[in-house]
Structure formats: C-alpha cells, structure tokens
Amino acid sequence: MGLYLSIRYPPHHSTQATLGIKASLLTGWRYVWQRPILVETIALGGLLNVMYAAFKLVLPYDVQHIYGGQSARYSYLLIAMAVGGILGGLRLTLAKRLPRHQQNYGDLGLLAGMLLLAGAFPNYWMLLGSSVVIGFCYTCFDIRALTITQELTDPAYLGRMFGLLFLAMDAFQPLGSFIFGFVTDELGNATLLLVGSCFLIGLVGIYQGYQRLARRSR
C-alpha cells in the first residue's frame, strides 16, 4: 500500500472539449448507422433481452403452477442456465477463429427453437434442458457482440458504441417484463410459444433490415 501511495502521477489537463450526453449519443448513433453490422448487433441485443426477460418470468410461474411449487426445482433451473452460460463462455474462449456476426443467427435461432419446444411440451426435464441451451446461447451472443463491437469500432467512438449497445441490451428488459408479466398470467407455459414465435419473427426482420442497410452502404 505504501508503494502505491508513493507513486507520483502528474495530472493531465486536456484541452479537448467534452460532449454532452445528448451530443455524444447523436454522434455515436450517426457513426453506428453507417456500419450495418453494428446496427444489427444493437438490434439483436435489444430483441434478445426482451425475450430473455419473458423467459425468466415463465420459470417461476411454471414451478409454482405446474411443478408443485418446489423452490428447489426453480433453483435447478437457474443453475442450468448458469451452467449453460459457463459452457458458452468456454466455447468462445477455445474457439480459434474470430467471431462472425452470422453466427449470432445460428445461436439465437437455436434459442428460439428451445423456447418453442419448452412451450409445446410442458415437462420439467424439457424445461431444464432448454434452460441449459438458452443460457449457452445467451452467453455466446453476449460475448460475441462485445468482441465484434470492439473489433469494428474506431477507438474514438468505442465508449459511445458500448453505451448504445448496453442501452439496447438493458433498457428493453423492463419492457419485456412488463408486457409478458400480464401475458404469462393468461397463457401460462404457452407464453413460451409466443415468445419463441416473436423471437423468430424478430430475427427474420432484423436480418432483412441488415441486408437492406448493407446494400445501401456499398
């Protein structure tokens, strides 16, 4: 501790003007809009987190109303999601190739498929296995999105780009919780069918939007 305190650090006075929050977000968005892959990543992050919030709402409902209300069963579902997340992290850590944005559609398509299976077959073991895969796919996208963003963004815009990405990924979760909280009370486990279907439709829409932006930027 004494050595750290003894280090002398000369203060650096920057003459560069700092941007306000509004100006920072606007310049960052203009920069992002010229790069279709970054727009695609932000849109996928927002969509994923809305659907992920909905999935997490259904889990306690199912345990309470279908699987006897045993708290241990809910804990196992959370553990399964965490295990899937660890496996997803290991997958990308051990990968020798740089991540590609096309891989997001494979992982998120698999995630949507597992939501549909869990909704169509209200079985605890199916839900437990789906939780592992969903945690796996969520983590794979999360890490890949950060990596792609860092590789494609100029250092001068990196802070603003991450700000927009985190805004998309975090700001829409409450929206998903609010909407699907009411839906779950009405549909129960079948909410997962709706979530999976909306997810697939959203993926198709984002992919088509990316293709149009990519053609315009050429």
Side-chain angles (χ1 to χ4, degrees), residues 39-89 103-145 165-210:
V39 177
E40 176 192 52
T41 302
I42 291 174
L44 288 175
L47 175 68
L48 171 61
N49 279 271
V50 170
M51 301 307 164
Y52 191 65
F55 172 70
K56 290 191 293 184
L57 279 176
V58 178
L59 294 184
Y61 180 94
D62 277 4
V63 170
Q64 183 65 33
H65 292 86
I66 301 177
Y67 306 120
Q70 299 179 26
S71 58
R73 290 196 166 189
Y74 180 60
S75 299
Y76 294 149
L77 292 172
L78 296 180
I79 292 171
M81 292 170 64
V83 170
I86 293 172
L87 294 175
Q103 295 171 307
N104 288 329
Y105 289 98
D107 288 336
L108 298 183
L110 175 60
L111 193 156
M114 297 309 298
L115 289 171
L116 292 172
L117 283 175
F121 302 100
N123 177 279
Y124 182 76
W125 296 108
M126 174 64 73
L127 187 61
L128 190 68
S130 298
S131 297
V132 175
V133 178
I134 288 171
F136 175 85
C137 295
Y138 183 91
T139 300
C140 286
F141 171 83
D142 200 23
I143 296 174
R144 189 182 296 116
L165 179 61
F166 293 145
L167 181 65
M169 297 180 71
D170 295 335
F172 291 106
Q173 277 207 18
L175 177 63
S177 299
F178 178 78
I179 294 174
F180 287 98
F182 296 104
V183 174
T184 302
D185 290 336
E186 298 295 329
L187 299 182
N189 186 72
T191 304
L192 295 177
L193 287 173
L194 177 62
V195 174
S197 300
C198 290
F199 204 175
L200 286 176
I201 293 171
L203 289 177
V204 173
I206 291 173
Y207 179 76
Q208 291 178 345
Y210 164 76

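Heads up: numbering here begins at 1 and tracks the sequence. In this text the structure is predicted, and so the values were computed from the model without any measurement.
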- Indicate yes or no: at least one non-hydrogen side-chain atom of L111 is less than 4.5 angstrom from one of F141. no
- Task: Output, in order, the C-alpha distance, side-chain angles, deciding distance and verdict of side-chain contact (heavy atoms from CB on, under 4.5 Å) for E186 and F182.
- Result: CA-CA 7 Å; E186 298 295 329; F182 296 104; over 6 Å; no
- Message: Is it the case that over 12 heavy atoms from other parts of the model lie below 6.0 angstrom from the OH atom of Y76?
- Response: no
- Item | Contact check, side chains of L59 and Y74, non-hydrogen atoms, under 4.5 Å | yes
- Task: Report yes or no: does D185 contribute a side-chain atom to a donor-acceptor pair with the main-chain N or O of F180 at less than 3.5 Å?
- Result: no
- Message: Is there a side-chain contact between M114 and F55 in this structure, where contact means two heavy atoms from C-beta onward sitting under 4.5 Å apart?
- Response: no
- Looking at side-chain heavy atoms only, is the closest gap between D107 and Y138 below 4.5 Å? no
What donor-acceptor contacts under 3.5 angstrom involve side-chain atoms of residues 120-128, with partners at least two apart or in another chain?
from, atom 1, to, atom 2, distance (Å)
N123, OD1, W125, N, 2.8
N123, OD1, M126, N, 3.2
Y124, OH, R73, O, 2.7

- What one should report as the nearest heavy-atom pair of I206 and Y105 is CG2-OH, 3.7 Å
Let me have the donor-acceptor pairs involving side chains of residues 190-204, under 3.5 Å, with sequence neighbours excluded, atom names and distances please.
from, atom 1, to, atom 2, distance (Å)
T191, OG1, G188, O, 2.7
S197, OG, L193, O, 2.8

- Item | Nearest non-hydrogen partners of G119 and N189, listed with the distance | O-ND2, 3.2 Å
- Is the side chain of N49 donor-acceptor paired with the backbone N or O of G45 at a distance under 3.5 Å, no angle test? yes
